[in-house]
Amino acid sequence: MEIEQVLDNALRKAAAVWIRPDGHEPRLVWALWRDGAVLVAVGGTEQQVPGLADGVACTVTVRSPTTHSHLVDARATARRADLDDDSAQALRAARLNGRPDWDDVYRLEPA
């Protein structure tokens with residue numbers, strides 16, 4: 001099974017993933033799987049992910065939404081995203097608590 005299919009199946013159900021930008025510690029972050037990439041909002045009142053920046057390579061770790069066991073590690077590249085209205089609305093709707101207010105959104109595209 002291709003890594004993209006495994007990611008797609010797992011991330012459709014997951015609300016959080018572990019992200020480790022190269023050279024930094026892993027962070028558990030809430031995220032949204034959309035159009036073949038993980039969207040991560042940072043800054044403002046949202047989560048902080050040290051080392052996450054445009055062009056940075058990172059590892060995304062996905063756990064099974066049902067058993068919470070390790071499912072897959074995937075290499076990805078972070079790209080700063082300018083969201084269209086539909087993607088921004090989907091990201092806001094995916095936020096489970098609090099009023100979403102971010103400075104940047106990164107698209108983590110599987111390598």
Side-chain angles (χ1 to χ4, degrees):
M1 184 182 290
E2 288 185 28
I3 190 74
E4 290 175 6
Q5 186 176 5
V6 171
L7 281 172
D8 186 63
N9 290 339
L11 289 168
R12 285 178 185 269
K13 299 174 188 171
V17 296
W18 288 90
I19 296 175
R20 186 182 57 78
D22 285 357
H24 294 271
E25 294 296 315
R27 288 279 175 122
L28 180 64
V29 299
W30 73 271
L32 174 66
W33 178 249
R34 186 166 174 95
D35 299 327
V38 175
L39 296 179
V40 178
V42 297
T45 60
E46 297 300 332
Q47 59 213 352
Q48 303 297 318
V49 183
L52 189 62
D54 193 51
V56 169
C58 52
T59 301
V60 177
T61 299
V62 182
R63 296 193 174 272
S64 166
T66 53
T67 65
H68 305 292
S69 61
H70 179 267
L71 187 59
V72 66
D73 288 329
R75 293 294 291 162
T77 302
R79 299 285 178 212
R80 190 175 177 285
D82 291 320
L83 300 179
D84 59 36
D85 290 341
D86 288 341
S87 294
Q89 184 57 36
L91 194 58
R92 283 185 189 92
R95 191 69 171 111
L96 300 177
N97 57 355
R99 183 177 160 270
D101 180 28
W102 56 75
D103 291 335
D104 291 306
V105 175
Y106 289 93
R107 222 180 124 76
L108 303 172
E109 301 171 348

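Worth knowing before you read on, the calculation uses all heavy atoms, side chains too, and leaves out hydrogens, waters and symmetry mates. Not measured: the values here are computed from a predicted model.
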Notebook entry, point to check: Nearest heavy-atom pair of Pro110 and Gly36: which atoms, and what distance?
Noted result: CD-O, 3.4 Å
Note to self: Counting only heavy atoms not in Asp103 (residues, nucleotides, ligands), do more than 12 fall under 6.0 Å from its CG?
What the structure shows: yes
Next item on the list: Measure across Ala78 and Ala53 and return the closest heavy-atom pair with its distance rounded to 0.1 Å.
Entry: CB-O, 3.5 Å
Let me have the donor-acceptor pairs involving side chains of residues 37-44, under 3.5 Å, with sequence neighbours excluded, atom names and distances please.
none

Next item on the list: Kindly give the cluster partners of Leu28, where membership spreads through any ILVMFWY side chain lying under 4.5 Å from a current member.
Entry: Trp18
Notebook entry, point to check: Leu52 and His24: side-chain contact (heavy atoms from CB on, under 4.5 Å), yes or no, with the steps?
Noted result: CA-CA 9 Å; Leu52 189 62; His24 294 271; over 6 Å; no
Notebook entry, point to check: Do the side chains of Arg75 and Asp22 get nearer than 4.5 Å, heavy atoms only?
Noted result: yes
Margin query: Looking at Gln48, is its backbone amide N or carbonyl O close enough to the side chain of Arg27 to form a donor-acceptor pair, meaning the two atoms are under 3.5 Å apart?
Written below: yes
Notebook entry, point to check: Ignoring hydrogens and geometry, is there a side-chain-to-backbone donor-acceptor pair from Glu109 to Arg79 under 3.5 Å?
Noted result: no
Checklist line | Over all atoms of both residues, closest heavy-atom pair of Cys58 and Pro21 | finding: CB-CA, 3.5 Å
Check: By side chain to side chain contact (heavy atoms under 4.5 Å, CB included), which residues pair with Asp84, not counting sequence neighbours?
Finding: Asp86, Ser87
Note to self: Test of understanding: clusters of I, L, V, M, F, W, Y form through side-chain heavy atoms closer than 4.5 Å, transitively. Do Val72 and Val29 belong to the same one?
What the structure shows: yes
Notebook entry, point to check: Is there a side-chain contact (heavy atoms from CB on, under 4.5 Å) between Leu91 and Trp102 once you walk through the steps?
Noted result: CA-CA 10 Å; Leu91 194 58; Trp102 56 75; 3.7 Å; yes
Next item on the list: Over all heavy atoms of both residues, which pair between Asp54 and Arg80 is shortest? Give the atoms and the distance, please.
Entry: OD1-N, 2.8 Å
